[in-house]
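Structure record follows, encoded as structure tokens.
Chain letters run A, B, ... following the sequence lines, proteins first, then strands; residues in each count from 1. Fair warning: this is a prediction, and the values are worked out from it, not measured in the lab.
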Amino acid sequence: MTTTTLDTPSAKPLLDWYDRHHRDLPWRVSPGMAACGVHADPYRVWLSEVMLQQTTVQAVKPYFEKFLQRWPEVTDLAAAENDEVMAAWAGLGYYARARNLKKCAEVVAKEHGAVFPDTEEGLKSLPGIGDYTAAAVAAIAFNRQAAVMDGNVERVISRLYAIEAPLPGAKPLMKEKVALMTPAARPGDFAQAMMDLGATICTPKRPACSLCPFRGTCQALKLSDPELFPVKAAKKEKPVRHGAAFIAVTAEGEILLRRRGESGLLGGMTEVPTTAWTSRLDGETSVTAAPFDAAWQASGTVTHVFTHFELRLSIWRAAIARALDTNDGWWEPVTNLEAQALPTVMKKAIAAAIPLAFKTSRA
DNA sequence: AAATCGGGGAC
DNA sequence: GTCCCAGATTT
């Protein structure tokens with residue numbers, strides 16, 4: 001329940017703040033351009049927003065530049081090979097985003113004449129575009145008065161109105177508040193301003209309230225403590241899973257790789273052979289589960305934290321004379337690993353067995 | 001409504 | 001270690 005009946009604050013102070021303090025990001029056009037009828041390219045906005053889902057601006061920047069240079073328009077991405085897209089996405093995480101990105105590009109290219117829908121409803125019907133991304137693209141690229149709400153906006157709104165109801169249940173209430181605040185003029189700048197505010201001023205810890213354009217109206221600042229908002233439901237503890245990974249290398253410098261299934265964890269990505277990842281540390285995590293008979297040598301343990309569990313992989317290494325026939329998978333030159341769709345956990349596993357497998361930035 | 005789905009930076 | 005990041009999809 002809400003503890004306040006704050007009147008809807010004006011968007012004006014926030015837009016004024018944004019005009020002075022906005023961050024210059026690769027997918028943005030300068031603020032105020034919207035007032036002149038110039039908006040960011042829908043393809044770039046969409047690409048950036050999908051990459052930014054649950055991902056920091058800093059992590060996205062190099063991937064955005066790489067994708068835009070390699071696939072400058074949606075038709076280029078639609079025509080790309082799936083494996084190339086997955087390899088380019090490797091390391092960014094949440095790989096269903098990459099699969100849906102490719103599907104979405106194909107739908108836009110083939111069914112919409114390479115033109116993105118310009119409404120929230122039309123955008124949301126596309127793969128990988130949900131409530132947030134549909135509203136963001138509609139507002140930023142098409143100047144639609146759409147209510148954009150991400151984690152930053154949730155935090156700003158929860159503090160501005162001192163909303164005590166916990167997330168995620170309070171989300172509809174918060175979205176009502178955002179919708180009432182969103183202006184007909186410059187809705188895209190307003191959305192980006194709210195997100196910039198949450199990222200730079202209204203931060204989770206130690207917010208810089210003295211610099212905030214809403215410091216005069218924020219109910220949490222006035223009546224309580226902004227750091228206490230938003231209220232969130234308690235989270236579960238992460239279980240630990242165990243497994244073994246096998247790095248086989250031939251005398252010619254080839255490593256055995258496999259393709260993971262198309263759905264689920266790390267779906268469609270490349271891996272080294274591993275056992276199943278189980279809750280118990282037992283025989284399945286040992287060398288007895290190796291893909292073939294060889295002089296397997298223990299090469300330490302790799303720990304990797306996923307969203308909902310922690311994985312501890314026992315690493316086994318074998319040097320063999322030549323490539324063996326295998327039921328699934330292929331032998332890839334170690335010198336070509338950079339071009340593979342290897343998620344971070346698999347790069348860690350390979351690096352544990354072959355320290356020089358990946359170039360380090362160290363001189 | 002709850003679970004699934006990566007990785008990394010800030011603290 | 002904890003938190004959380006311009007969330008979407010499936011169950």
Side-chain angles (χ1 to χ4, degrees), chain A residues 22-23 25-28 40 44-64 86 89-101 103-104 123-141 146-156 166-169 171-172 175 178 188-200 202-207 227 230 232-239 241 260-269 271 303-311 341-348:
Chain A
H22 82 282
R23 297 179 290 172
L25 301 174
W27 44 86
R28 280 186 176 168
R44 299 187 187 202
V45 176
W46 162 73
L47 178 61
S48 68
E49 293 299 347
V50 172
M51 288 183 167
L52 286 161
Q53 290 165 7
Q54 292 292 287
T55 308
T56 56
V57 167
Q58 179 175 340
V60 164
K61 277 182 182 175
Y63 284 86
F64 178 81
M86 298 309 290
W89 195 278
L92 198 54
Y94 282 166
Y95 298 98
R97 292 185 296 172
R99 300 194 298 269
N100 286 329
L101 188 84
K103 289 180 193 169
C104 183
L123 287 161
K124 203 185 165 186
S125 69
L126 297 169
I129 298 186
D131 289 335
Y132 163 76
T133 306
V137 175
I140 297 169
V148 177
M149 195 170 71
D150 73 328
N152 289 301
V153 179
E154 286 175 359
R155 186 168 55 255
V156 172
L167 287 170
K171 206 168 171 179
K175 184 146 185 174
V178 179
D189 283 348
F190 173 78
Q192 293 178 92
M194 287 286 278
M195 294 188 281
D196 269 19
L197 189 71
T200 63
C202 196
T203 50
K205 304 296 180 185
R206 297 174 57 85
E227 261 195 39
K232 293 192 174 182
K235 50 193 62 174
K236 296 173 37 177
E237 62 176 300
K238 282 183 184 177
R241 294 186 194 172
R260 291 178 64 87
E262 290 305 309
S263 64
L265 186 70
L266 308 179
M269 300 295 285
E271 66 173 3
T303 297
H304 189 78
V305 180
F306 291 98
T307 303
H308 57 292
F309 67 92
E310 175 182 324
L311 177 65
L342 288 165
T344 298
V345 62
M346 294 302 159
K347 288 187 176 178
K348 282 185 182 178

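Each of A/Lys205 and A/Gln54 was matched to the nucleotide of DNA chain B holding its nearest heavy atom; the match closer to the 5' end belongs to A/Gln54. Between A/Thr55 and A/Gln58, the residue anchored closer to the 5' end of DNA chain B is A/Thr55, taking for each the nucleotide with the nearest heavy atom.
A/His308 has a side-chain polar atom (N or O) that falls below the 4.0 Å cut-off from OP1 or OP2 of B/dC5. OP1 or OP2 of C/dC5 lies within a sub-4.0 Å distance of a side-chain N or O belonging to A/Arg155. Taking only side-chain nitrogens and oxygens, A/Lys171 never comes nearer than 4.0 Å to OP1 or OP2 of C/dG7. Under 4.0 angstrom from either OP1 or OP2 of B/dG7 there lies at least one side-chain N or O belonging to A/Thr344. OP1 and OP2 of C/dC5 both lie 4.0 Å or more from every side-chain N or O belonging to A/Tyr94. At B/dG6, none of the side-chain N or O atoms of A/His304 fall inside 4.0 Å of OP1 or OP2 (strictly under the cut-off).
In this structure, A/Gly264 reaches the sugar-phosphate backbone alone: every heavy-atom distance under 4.0 Å involves primed, P, OP1 or OP2 atoms, never a base. Within 4.0 Å of A/Thr56, counting heavy atoms only, lies at least one base atom of the nucleic acid. At the heavy-atom level, A/Tyr132 lies under 4.0 Å from base atoms of the strands shown. A/Arg23 comes within 4.0 angstrom of a base, heavy atoms only. If you check every strand for non-hydrogen atoms under 4.0 Å, A/Gly198 touches nothing. Using a 4.0 Å heavy-atom cutoff across all strands shown, A/Trp89 reaches no nucleic acid atom at all. When heavy atoms are screened at a 4.0 angstrom cut-off, A/Ile129 is found touching the sugar-phosphate backbone but no base atom. Within the nucleic acid shown, A/Leu25 comes within 4.0 Å of at least one base atom, counting heavy atoms only. Within 4.0 Å of A/Pro127, counting heavy atoms only, lie sugar-phosphate atoms of the nucleic acid but no base atom. Nucleic acid contact class of A/Thr133 (heavy atoms, under 4.0 Å, all strands): sugar-phosphate only.
One C1' atom belongs to B/dG8, the other to C/dT9, and the distance between them is 23 Å to the nearest Å. Straight-line distance between the P atoms of C/dA6 and B/dA3: roughly 25 Å, to the nearest whole Å. Between the C1' atoms of B/dC5 and C/dC4, the separation comes to 15 Å (whole Å). Here the separation of C/dT11 from B/dG6, taken at their P atoms, is 15 Å to the nearest Å.
One can place CG of A/Asp150 at 9 Å from C1' of C/dC5, the figure rounded to the nearest angstrom. Regarding A/Glu310, its CD atom lies at a distance of 14 Å from the C1' atom of B/dG7, rounded to whole Å. Rounded to whole Å, atom P of C/dC5 lies 20 Å from atom OH of A/Tyr63. In this entry the distance linking CD of A/Gln53 with P of C/dA8 reads 5 Å, nearest Å. Spacing between atom CG of A/Leu126 and atom P of C/dA8 amounts to 12 Å, rounded to whole angstrom units. The distance from atom CG of A/Asn152 to atom P of B/dA10 is 15 Å, rounded to the nearest whole Å. Whole-Å rounding puts the A/Lys236 NZ to C/dC3 P distance at 16 Å. Regarding A/Asn100, its CG atom lies at a distance of 8 Å from the C1' atom of C/dA8, rounded to whole Å.
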Would A/Glu310 and A/Lys238 count as a salt bridge (Lys or Arg N to Asp or Glu O under 4.0 Å) if you check the C-alpha gap in whole Å, the side-chain angles of each, and the deciding distance to 0.1 Å? CA-CA 7 Å; A/Glu310 175 182 324; A/Lys238 282 183 184 177; over 6 Å; no
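With respect to A/Asp131 and A/Lys171, no salt bridge is recorded, no charged nitrogen being found less than 4.0 Å from a carboxylate O.
Panel note: side chain A/Arg28, backbone A/Arg23; a donor-acceptor pair is recorded below 3.5 Å.
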